[in-house]
Amino acid sequence: MAQVEKRGGLLRKSSAYKKPLKEKVVLMYDEIFMTEDPSKCSPRFWEELFLMKVNLEYLEGKLESLDGEELMKIKENINCLFQHCIQALGEEHPIRVVNALQTLCALIRGVHQKNKSTSGFDIINMLMGFDKAELCMKNLMESLDSLLCAEGSESLKSLCLKLLLCLVTVTDNISQNTILEYVMINSIFEAILQILSHPPSRREHGYDAVVLLALLVNYRKYEGMGLVIAQALSEYNRQYKDKEEEHQGGFFSALTNMVGSMFIADAHEKISVQTNEAILLALYEAVHLNRNFITVLAQSHPEMGLVTTPVSPAPATPATPLGTTPPSSDVISSVELPLDADVQTSNLLITFLKYSSIVMQDTKDEHRLHSGKLCLIILTCIAEDQYANAFLHDDNMNFRVNLHRMPMRHRKKAADKNLPCRPLVCAVLDLMVEFIVTHMMKEFPMDLYVRCIQVVHKLLCYQKKCRVRLHYTWRELWSALINLLKFLMSNETVLLAKHNIFTLALMIVNLFNMFITYGDTFLPTPSSYDELYYEIIRMHQSFDNLYSMVLRLSTNAGQWKEAASKVTHALVNIRAIINHFNPKIESYAAVNHISQLSEEQVLEVVRANYDTLTLKLQDGLDQYERYSEQHKEAAFFKELVRSISTNVRRNLAFHTLSQEVLLKEFSTIS
């Protein structure tokens, strides 16, 4: 007897004398693609269809093979199939439900391919018809809500989330996806939040749920939809505000664990790390839209990776594009362990800072550049927040933060065990200093440098306002800033062809002005203030060169005249310090017959001559423009969401829900 092979939806006998036979489900699909109603000749057609194993590849391929005119001819049958899928979601038999969900996914993906250049209106009409769209979507969302909230199969819930992601990413521009109007009207948020609040379901579905939230929050956000979601998150925050334990299952601790483990999961080496813009976007939206979410940044949990349970090595798989790969359930479940006094504690902010230190090492790749920018935007929002600053600067809340540092020939790798416990603002400043010293290169990331300096400035404004005397190695920051000025000057011609370097130079000079004018209110000791003057005097040649450069350009009638003039005026106090102390230092050296003064001798001269120094009061040094997404950042986020949406749609992991697994789970029909 000839053996039977199954390939691509066909039953093929090894004998060459017989034509290949099609699977029954494929024959039924072919009937749907005829203009006649398939149930006319077979009254039980739809009932039988959902008992058949879905052939996703054939169904999607068939839809893609038809041109627009051919597709319109079978629109009634497509509408009918869509409606019967929704009806099948209410069936008691799980196999029917599974097949209906997978058929809906195939339908949406297949029809999307024919509507790439159009808005969601054509997709709505093709899938369900305008006249029935509202009722269809209401029934669909109610069924999905019931399945997600039920105590049933985790595989079914996973498939429901995949279907929702299909709906959300049906157009590249998420705000043009009219299907989302129906998703918003028939709210699915409570079901998503329930998943994130329940540890077992969070381990299984947390990644898809968080990505779904991140995408939904960007739907017409400037028209108020973002506010609706922010209110939902705030309400959940109020419900869980009294739960201080990390593992109580609250939504915020859930997202903390989810996001934290996702960052750490891929963050072991610079080479292997893969940026995850979808999760960064979710964190950004939470921090930006919901001020109460700031409290979650401080919630402690055991350090990721220190208390994980052993897992068997997974087989190697091809790398997937960014924003599409969830962490393993083992990684997520590891944070459910009880807090141990001997284990280093962490929190979402520490995890985020570590992740940022990896992502921001290499900004040459476009995705890494976008991720680095998003990290700095998140830090900007944090640096502006009063509560976040109070936590960052709390001297009673000290942490050991092992930031990843770019390998450089002139410095040794710091030993992890030597890291001091300090307030978290020190780690933020370390991260900014690290970025400053490691990105002075030909492809100069001007935008990232501006954001980096802005973060430092906002932290200093808080310290000045609240008179926080932070014990930090300020010299490292001053040295990094001066080296950055030197880089701008030595690459003036090349950089000016692409950037207005005077904007950045002015920000750097004004940071020094901030220290000069207000340093006595926030530097930790009087000797720290003395050291500031020492660094300015020691590096006076750099400031002199900067003054010569901006003076030259401000006296010419070129395009940089105004920008250079601002730097010229900003240098007035720095030049006053240099011109006041240098002659006195030279005189001290001459009187004492010393060719080269030590640091302590210079500081002695500085301390003895403060009284005769005259400085000008500079206004607005402790003022800044607050971050605003709309207008300035709208284009960036629109493109970012488009990229994430495209990647999520392209890489929805239907292969992880193979029908063999699903059918094995539902092997019997009662």
Report task. Take K157 and L161, measure what side-chain contact (heavy atoms from CB on, under 4.5 Å) needs, and give me the verdict at the end. Result -> CA-CA 6 Å; K157 292 181 182 180; L161 288 169; 5.6 Å; no

Query raised in the report: Hey, mind stepping through L71 and E64 against side-chain contact (heavy atoms from CB on, under 4.5 Å) and telling me if it holds?
Result: CA-CA 9 Å; L71 203 58; E64 290 177 30; over 6 Å; no

Query raised in the report: Given L374 and F637, is the side-chain contact (heavy atoms from CB on, under 4.5 Å) satisfied, shown in steps?
Result: CA-CA 9 Å; L374 193 48; F637 280 102; 3.7 Å; yes

Requested in this report: Applying side-chain contact (heavy atoms from CB on, under 4.5 Å), run through C85 and L81 and close with a yes or a no.
Outcome: CA-CA 6 Å; C85 284; L81 174 58; 4.1 Å; yes

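Distance check: L140 CG to L144 CG gives 4.5 Å after rounding to the nearest 0.5 Å. The distance from atom CD1 of I179 to atom CD1 of I174, rounded to the nearest 0.5 Å, is 11.5 Å. The SG atom of C136 lies 4.5 Å from the CD atom of Q83; values are rounded to the nearest 0.5 Å. F82 CZ to I86 CD1: the interatomic distance, rounded to the nearest 0.5 Å, is 4.5 Å.
Taking 4.5 Å as the limit, some side-chain heavy atom of F189 sits within range of a side-chain heavy atom of M184. In this structure, V648 and V168 have side chains that are not in contact, with every pair of non-hydrogen atoms separated by 4.5 Å or more. L216 places none of its side-chain heavy atoms less than 4.5 Å from the side chain of L164. V25 places none of its side-chain heavy atoms less than 4.5 Å from the side chain of V54. The shortest side-chain heavy-atom distance between L215 and V211 falls under the 4.5 Å cut-off. Residues I188 and L148 form a side-chain contact, since some pair of their non-hydrogen atoms from C-beta on lies under 4.5 Å apart.
I378 and L280 make their closest contact through CD1-O, 3.7 Å (heavy atoms, listed as atom of the first residue, atom of the second, distance). Contact between E277 and S643 at its shortest, heavy atoms only, is OE1-OG, 4.2 Å. Shortest non-hydrogen contact noted between K75 and G129 is NZ-CA, 4.1 Å. In this structure, E91 and V97 approach most closely via the heavy-atom pair O-CG2, 3.6 Å. The two residues I124 and A133 make their nearest non-hydrogen contact at CG2-CB, 3.7 Å. Contact record, N99 with M52: ND2-O, 3.1 Å, taken as the closest heavy-atom pair.
In this structure a side-chain-to-backbone donor-acceptor pair under 3.5 Å is present from R649 to T169. Judged by distance alone, the side chain of R96 and the main-chain N or O of E47 form a donor-acceptor pair under 3.5 Å. S42 places no side-chain N or O within 3.5 Å of a backbone atom of R44 that could act as its donor or acceptor partner. Between the side chain of N77 and the backbone N or O of M34, at least one donor-acceptor pair lies under 3.5 Å. N177 places no side-chain N or O within 3.5 Å of a backbone atom of N173 that could act as its donor or acceptor partner. Without hydrogens or angle criteria, S65 side chain to K62 main chain gives a donor-acceptor distance under 3.5 Å.
Among residues two or more places apart in sequence or in another chain, the salt bridge (charged side-chain N to carboxylate O under 4.0 Å, His left out) test is passed with K638 by none. For S39, the side-chain hydrogen bond (donor to acceptor under 3.5 Å, both in side chains) partners are D37, not counting sequence neighbours.
Side-chain polar atoms of Q87 and N139 form no donor-acceptor pair below 3.5 angstrom. Side-chain contact check for E629 and Y284: at least one donor-acceptor pair (N or O, by modelled atom type) lies under 3.5 Å. No hydrogens or angles considered: nothing links the side chains of E142 and N186 as a donor-acceptor pair under 3.5 Å.
Cation-pi geometry between K373 and F636 is met: the NZ or CZ atom falls under 6.0 Å from the ring centre, inside 45° of the normal.
We find that E48 and K24 are joined by a salt bridge, their nearest charged nitrogen and carboxylate oxygen being less than 4.0 Å apart. The residues K73 and E70 are annotated as not salt-bridged, no charged nitrogen and carboxylate oxygen being separated by less than 4.0 angstrom.
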